[in-house]
Amino acid sequence: MPELPPPITVVGIGADGWPGLATTSRAALRTAEVVIGGPRQLALLPAAEVAAERVPWPSPLRPAVPGLLAEHAARRVAVLASGDPMFFGIGRTLAETVGAERLRVLPHPSSVSYACARLGWPLEGTEVVSLVGRPLDTLALALHAGRRLLVLGADARTPAAVAALLTARGFGTARLHVLEQLGSPGERRLDGPADGWPHPAGDPLNVIAVELADGPRTSLVPGLPDSAYESDGQLTKRHVRAATLATLAPAPGELLWDVGGGSGSIAIEWLRAHRDNRAVTVERSPVRAERIGRNAAALGVPRLRVVTGAAPDALAGLPAPDAVFIGGGLTAPGLLDACWAALPPGGRLVANTVTLESEALLTSWYRRHGGELLRLAVAHAVPVGGFTGWRQAMPVTQWSAVKPSTDPGASS
């Protein structure tokens, strides 16, 4: 039986460096043959205590992890991480690369724990948003009046960028507390309003605490107002959108294909349902594809992947979806077949249309595969002279189905 390689020890370290490490963490670093970490973290280790070879992470980091670990597989390896390695840290990447069973993780208090301790905020009631390696617009999803946020800063410019975003989004009255070098002798706190943030760039190691006061109200559930989207008219309207998302039934971590994206509203509200959700929207018009990207950023989900191209050809090579929504192009040859074939058993397909030709196609698929065929009709009250009457919107025909493990209509 081949001898197993030694475990990889992941040591959390704070801004206080070696003096702040627990005895177990110090012992692991003393006995390591190789220590891998960021240059700042490696510089915190005293040469008199840690004799191991020091290897800085290359950039970009994630693609280099497998090769670097394989290079030192036969040696005792310790990896340095900021604070708690499993909280927005390198621990997740290592577990995904070599398996959790190969890791011995020695955590240190995270910057979030330090921040809540300094501010007197309950950790379980404070939302955390990381801007390390993520777009600034990611923060927009968490903006709700009366809430408290902790934002993990990417660099010294992050506090001013957060203040500017808050002001631009109508939360200029928010109070910011920038906590630098938490846990170290050089710890510092800066306070001020978002509107007119008064401090220059400081230390790159920072957490921004945000107390949101008044600001625009945004719903948590699907069915945002149509005015929330930039659109040329190709938009799944609010009430139909809410019903469509309910039928798609997003669950954490699932992937949606939004085919015929239009303004991107279905994919955007799928992503807003949970921070781990993923979505790809396919739109043949480059102008609309760019507009979808702007809508996604404005509504706090810049992670939306936008593919510019005509389906079904543009679907080739995409990761397998858990759900598919078709909002346009239903009559394109092979589109429904390609989407249905891409779904795994248990996957959901929802298609909406307003034309008789596409309705006939959906009726055919309903007969072959079952599911549910329904018509959604919405009417709005409008002035009629001095009175009020109903104005009927164009009705939407919707077919939805869950793909069975054995599809009786596959060979039809």
Would you find a donor on one side and an acceptor on the other, under 3.5 Å apart, between the side chain of [X] and the backbone of [Y]?
X    : Y    : result
N277 : W270 : yes
W257 : P319 : yes
S263 : S265 : no
K403 : L343 : yes
R272 : S219 : yes

Could you check whether [X] pairs with [Y] (Lys NZ or Arg NE/NH1/NH2 to Asp/Glu carboxylate O, under 4.0 Å)?
X    : Y    : answer
E49  : R30  : yes
R241 : E269 : yes
K237 : D226 : no
R62  : E96  : yes
E211 : R147 : no
E254 : R348 : yes
D232 : R291 : yes
E359 : R375 : yes

Please report the closest heavy-atom contact between [X] and [Y], naming both atoms and the distance.
X    : Y    : answer
R238 : L224 : CG-O, 3.4 Å
A52  : V35  : CB-CG2, 3.7 Å
S231 : G233 : OG-N, 2.8 Å
L45  : W18  : CD2-CE3, 4.1 Å
L119 : A209 : CD1-CB, 3.5 Å
D276 : R303 : N-NH2, 4.5 Å

For this session: Return the orientation label for the H369 and W340 ring planes: parallel under 30°, perpendicular over 60°, tilted otherwise.
Result: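 Ring orientation, 0 to 90° scale: tilted.
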Is there a donor in the side chain of [X] and an acceptor in the side chain of [Y], or the other way round, less than 3.5 Å apart?
X    : Y    : value
T244 : T247 : no
Q41  : S82  : yes
R367 : T363 : no

Around [X], counting heavy atoms of other residues, nucleotides and ligands shown, do more than 12 lie under 6.0 Å from its [atom1]?
X    : atom1 : answer
R102 : CZ    : yes
R92  : CZ    : no
R118 : CZ    : yes
R175 : CZ    : yes

Counting C-beta onward and ignoring hydrogens, is there a side-chain heavy-atom pair between [X] and [Y] closer than 4.5 Å?
X    : Y    : result
I36  : L68  : yes
L374 : L376 : yes
L21  : I13  : yes

For this session: To the nearest 0.5 angstrom, please state how far the CG atom of L315 sits from the CG atom of L318.
Result: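 With rounding to 0.5 Å, CG (L315) is 6.0 Å from CG (L318).
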Exercise. Roughly how far, to the nearest 0.5 Å, is OG1 of T353 from CG of L330?
Worked result: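 One finds 5.5 Å between CG of L330 and OG1 of T353.
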Problem set entry | Candidate pair E180 and N206, rule side-chain hydrogen bond (donor to acceptor under 3.5 Å, both in side chains), full reasoning | CA-CA 4 Å; E180 300 178 343; N206 62 70; 5.7 Å; no
Problem set entry | ring-ring contact (aromatic ring centres under 6.0 Å, His included) pairs, two or more places apart, involving residues 47-94 |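 Every pair satisfying ring-ring contact (aromatic ring centres under 6.0 Å, His included) with a residue in residues 47-94: there are none.
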